[in-house]
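First the proteins, then the strands, lettered A, B, ... as listed; each starts at 1.
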Number of protein chains: 2
Amino acid sequence: MTTPAEANQNPTRQHATRQLHLNAFLMSTGHHEASWRLPESNGLAGTDVAHFQRLARIAEAGRFDSIFFADSPVLGGDVGRRPSATLEPTVLLTAIAAVTEHIGLIATASTTYNDPYNLARRFASIDHVSGGRAGWNVVTTAGDEAAKNFSQPGQLAHFSRYERASEFLDVAQKLWDSWDDDATVVDKASGVWADHDRVHAINHEGEHFQVQGALTVPRSPQGHPLIVQAGSSEDGKNFAAEHAEAVFVAHQTLQDAQAFYADLKQRTRDLGRDPESIKILPGIVPIIAATEAEARLLEQQLEDLIQPEFARQRLASLLGRSPASLPLDEQLPADLPHEDAIEGAKSRYTLVVELARREHLTVRQLIGRLGGGRGHLVAVGTATQIADTIQTWFESKAADGFNIMPAVLPSGLQTFVEQVLPILRARGLFRTEYAGSTLREHYGLPRPQSRFAVERSLLGASA
Amino acid sequence: MTTPAEANQNPTRQHATRQLHLNAFLMSTGHHEASWRLPESNGLAGTDVAHFQRLARIAEAGRFDSIFFADSPVLGGDVGRRPSATLEPTVLLTAIAAVTEHIGLIATASTTYNDPYNLARRFASIDHVSGGRAGWNVVTTAGDEAAKNFSQPGQLAHFSRYERASEFLDVAQKLWDSWDDDATVVDKASGVWADHDRVHAINHEGEHFQVQGALTVPRSPQGHPLIVQAGSSEDGKNFAAEHAEAVFVAHQTLQDAQAFYADLKQRTRDLGRDPESIKILPGIVPIIAATEAEARLLEQQLEDLIQPEFARQRLASLLGRSPASLPLDEQLPADLPHEDAIEGAKSRYTLVVELARREHLTVRQLIGRLGGGRGHLVAVGTATQIADTIQTWFESKAADGFNIMPAVLPSGLQTFVEQVLPILRARGLFRTEYAGSTLREHYGLPRPQSRFAVERSLLGASA
């Protein structure tokens, strides 16, 4: 709870025009890789819809902008050592849509291993079912293992994946626009259900896709689901600058986050887009207790439950090395290549290598640092300290908001809502009630006009 | 409500061992193509999740085995003349799963325009989210228009579509079996989440698909979602005999239905399967009123709202002819080919042509007959008459149950539940309460064993 003293420490109420945005990134028992081993955790939470519905309700009670589920169409990691099983996230989001009213619903889906007609239809349907709360985190899915689930011997090159992603998104957006907002006239007397002239074949003829359209689904409440992006390689940043409306990103330091923020906003501006039309949300793993020492103890308890052999295997896979080449009590090998030579998750690779080099970490220490947030900032301390970090990053142009990644779920989310949010509210940084009803409205983003309807009105104006 | 007199007309209670199964086939404002033009109908029902949730609750209150949504990944028909827009049905089912407890949830999905890893994952996820209530109507999707939404110039040949479907289903079933039921051990103390030996790569190497696995989703409550099939061409019947557990089919006459029933049960037996393991459900469009004359009037009111030009276009498309070659007041042309020459919906083609020939219908009359149920049996009369038809077909081995296709929704479903079901119950034909909790249990079908777990226990036995 907020005391007047706390509020007085930060009396400025100058944020009326700049709104902090918070997304709750949900993951079975929490983001710490050992969270499932805690006595409080439900080890089968990953397939328990009631668990996720409860998490969504906690986030909605906290007035979060949205919740988010990551995804990859491959069984990752080591199922022996960590709950890797996940329900398909658009299914999970839909089951949550039915029991919530306000909160935005974002899921990852791959442009490499889906088809644009199917995926556009599914997200448009979720947008209808949720009353305009759907968001799509567009990913290209790194790794040969995923390819092998889709009749392909190995992954496409990084650049090719992004090329395909760009055309995929273009097709999806055309399909979402294939019905004008006012296409369904429902004139029972004359027997006209929809106006033919307002339902458009898209006739897309591209390098990767040829799609006739129209979509089976009329234009959805948001026009387009919110487009989210989460890669920060060169290809990823360029894709984000062109297409994304929200960006999830991992940073270890304020300086890196500021540099990324300035760079991405500039790239967005360079493409003629309003830099306010893209919201940048670094990830943060809050570990909260009444004192900093107690919070450190919580963190240590979790770290003690990490299984180093398993964690080293995952690190080795990210770095493209054998586990044996990474002795636990030595620093990373000196000869790791630049990310240009990596065809997998480029930006995560660089972040991890730079973290290890900057802090001269041994492999064992690096594993401990990554166990909490896989490269995201782990913030350990009191609720006020967490709120201070959020405020500092927000006000110093490192973030438009945060991707909150509780180490342990549901308790970490509950604590954040009960202890950190009141402080942010007292400082005038975060909403007390939802002002709008759609995900776009929560993020202060406009509803896109249909490209086909626009063309029609331009024609009309010139006539 | 049932009177004792009605019950006495059919005093036999001999059906304790043979259970009638009822599926509610749901479609926006109803199955009659003109239903959206009635004053009572919500013309935008097709994108209104609350409408479908209400329908599902009515069917669940009636103790239906399941609800079902058809699907095609193409905007079919003439949007100007009829509500053709549909939400993606697995999304719709999931939104319904969250607000129902018992009723089974079946959706169509195409094996031609999906990928087995994605679809297996989605149905397994729905099965988890619904507590074991998912069913998949496997279709191959006829028509060049669908192909053009998926970067293909035209459809595959009918036989090739079924070949792909068979391998697709094989891959999906392997993926559903890729986790043994007891794979997740969740041993927090030793840090073992799942038993490696009970999670299997499937390493499928086939003609159409190469899939490594395992699935991202642990084995679902039903093991496999219920497999439904709805084509009755030669290819379709062979596919059903090999794979299907429930079959949706259209018949105009009791004799045709009996012949189909005997044929399909025999094909099933010939493949070494128990003929009881496949449930045959002909479609029936009930139009119910207090007297037969009133029911006929209702039917006529709907028929008067049909737009013949539009209906003729659809008929022409089914027959592969131009609309102009089908004068409204003449019978069908004499030179229509055998279904062997048709690459689209073969069995529907034959049903329509035979109906027209048998009853010497003009095109206009044929359109009227098809407007109600697109070739399914339209049963017009009192609740007792409808119940009589159902009982006759059920007892004379034409059906194991019915696919109930109300002409108008929600009213037609509500009337069926309130008026027909009590009669069927009084006759001992239909359940008063759900006996099980999964869709398989409703249909009296076993939970499949995992093929990998079976292999292991065989190995164990020989050791």
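In this structure, chain B has a heavy atom under 4.5 Å from the side chain of A/D71, while its backbone stays farther away. For A/H204, no part lies near chain B; criterion is any non-hydrogen pair under 4.5 Å. Proximity to chain B is absent for every atom of A/A97, based on heavy atoms less than 4.5 angstrom apart. For A/L175, no part lies under 4.5 angstrom from a heavy atom of chain B. Contact annotation for A/V49: only side-chain heavy atoms (C-beta onward) come within less than 4.5 Å of a heavy atom of chain B. At a 4.5 Å heavy-atom cutoff, the contact between A/N149 and chain B is made by backbone and side-chain atoms alike. A/S84 touches chain B through its backbone: at least one of N, CA, C or O sits under 4.5 Å from a heavy atom, while the side chain does not. Contact annotation for A/P39: only backbone heavy atoms (N, CA, C, O) come within less than 4.5 Å of a heavy atom of chain B. The part of B/L38 that comes within reach of chain A is its backbone (N, CA, C, O), which places non-hydrogen atoms under 4.5 angstrom from that chain. Proximity to chain B is limited to the side chain of A/Q53, based on heavy atoms less than 4.5 angstrom apart. Heavy-atom distances place the backbone of A/S72, and not its side chain, under 4.5 Å from chain B. The contact between B/L215 and chain A is made entirely by backbone atoms, counting heavy-atom distances below 4.5 Å. Using a 4.5 Å cut-off between heavy atoms, A/V199 touches chain B through its side chain atoms alone. For a residue to count as touching a neighbouring chain, one of its non-hydrogen atoms must lie under 4.5 Å from one of that chain's; by this rule A/I96 does not touch chain B. Residue contact with chain B, scored on non-hydrogen atoms closer than 4.5 Å, involves the backbone of A/V74 exclusively. For A/A50, no part lies under 4.5 angstrom from a heavy atom of chain B. Within the 4.5 angstrom heavy-atom criterion, only backbone atoms of B/R82 (N, CA, C, O) approach chain A.
Here the options are B/T184, B/D180, B/D182, the test is side chain to side chain donor-acceptor pair (under 3.5 Å), and the partner is B/R198; only B/D182 passes.
For the set A/G43, A/A98, A/S178, A/S125, the count of heavy-atom pairs under 4.5 angstrom toward chain B peaks at A/S125. By number of non-hydrogen pairs under 4.5 angstrom with chain A, the leading residue of B/Y113, B/F209, B/W179, B/F150 is B/F150. Contacts with chain B were tallied for A/P73, A/A214, A/G46; A/P73 has the most, counting heavy-atom pairs under 4.5 Å. Interface summary for chain B: among A/L87, A/N114, A/V217, the most heavy-atom pairs under 4.5 angstrom belong to A/L87. When B/L93, B/D78, B/V185 are compared by the number of non-hydrogen pairs under 4.5 Å with chain A, B/D78 comes out ahead. Of the listed residues (B/A34, B/A95, B/A147, B/G131), the greatest number of heavy-atom pairs within a distance under 4.5 Å of chain A belongs to B/A95. The most heavy-atom pairs under 4.5 Å with chain B, out of A/E145, A/Q307, A/H208, A/R122, come from A/R122. Residue with the most contacts toward chain B among A/A194, A/A85, A/G191: A/G191 (heavy-atom pairs, distance under 4.5 Å). Among B/I202, B/V186, B/V171, B/L305, the residue making the largest number of heavy-atom pairs under 4.5 Å with chain A is B/V186.
Checked for salt-bridge contact, A/E60 and A/R57 miss the test: no charged N lies under 4.0 Å from a carboxylate O. For B/D170 and B/K174, the salt-bridge test passes: some basic side-chain N is under 4.0 Å from an acidic carboxylate O. A salt bridge links A/R219 and A/D177; the closest N-O separation between the charged side-chain nitrogens and carboxylate oxygens is under 4.0 Å.
Side-chain contact check for A/S28 versus A/T86: every heavy-atom pair is 4.5 Å or farther apart.
Ring geometry for B/F123 against B/W136 counts as parallel: the plane angle stays under 30°, on a 0 to 90° scale with 60° as the upper cut. Ring orientation note: the planes of A/F69 and A/F52 are nearly perpendicular, at an angle over 60° on the 30°/60° scale.
With hydrogens and angles left out, the side-chain atoms of A/E88 and A/T90 include a donor and acceptor closer than 3.5 Å. Under the 3.5 Å distance criterion, with hydrogens and angles disregarded, no donor-acceptor pair is assigned to the side chains of A/R133 and A/S437. With hydrogens and angles left out, the side-chain atoms of A/T141 and A/S110 include a donor and acceptor closer than 3.5 Å. In this structure, a donor-acceptor pair under 3.5 Å is present between the side chains of B/T216 and B/R121.
A distance of 9.0 Å separates CH2 in B/W36 from OG1 in B/T29, rounded to the nearest 0.5 Å. The structure places CG of A/L55 at 5.5 Å from CG of A/L26, a figure rounded to the nearest 0.5 Å.
Annotation: cation-pi pair A/R314/A/F310 present, NZ/CZ under 6.0 Å from the ring centroid and within 45° of its normal.
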Report the C-alpha separation of B/H128 and A/D48 in whole Å, then their side-chain angles, then the decisive distance to 0.1 Å, and conclude whether the side-chain hydrogen bond (donor to acceptor under 3.5 Å, both in side chains) test is met. CA-CA 8 Å; B/H128 275 287; A/D48 179 2; over 6 Å; no
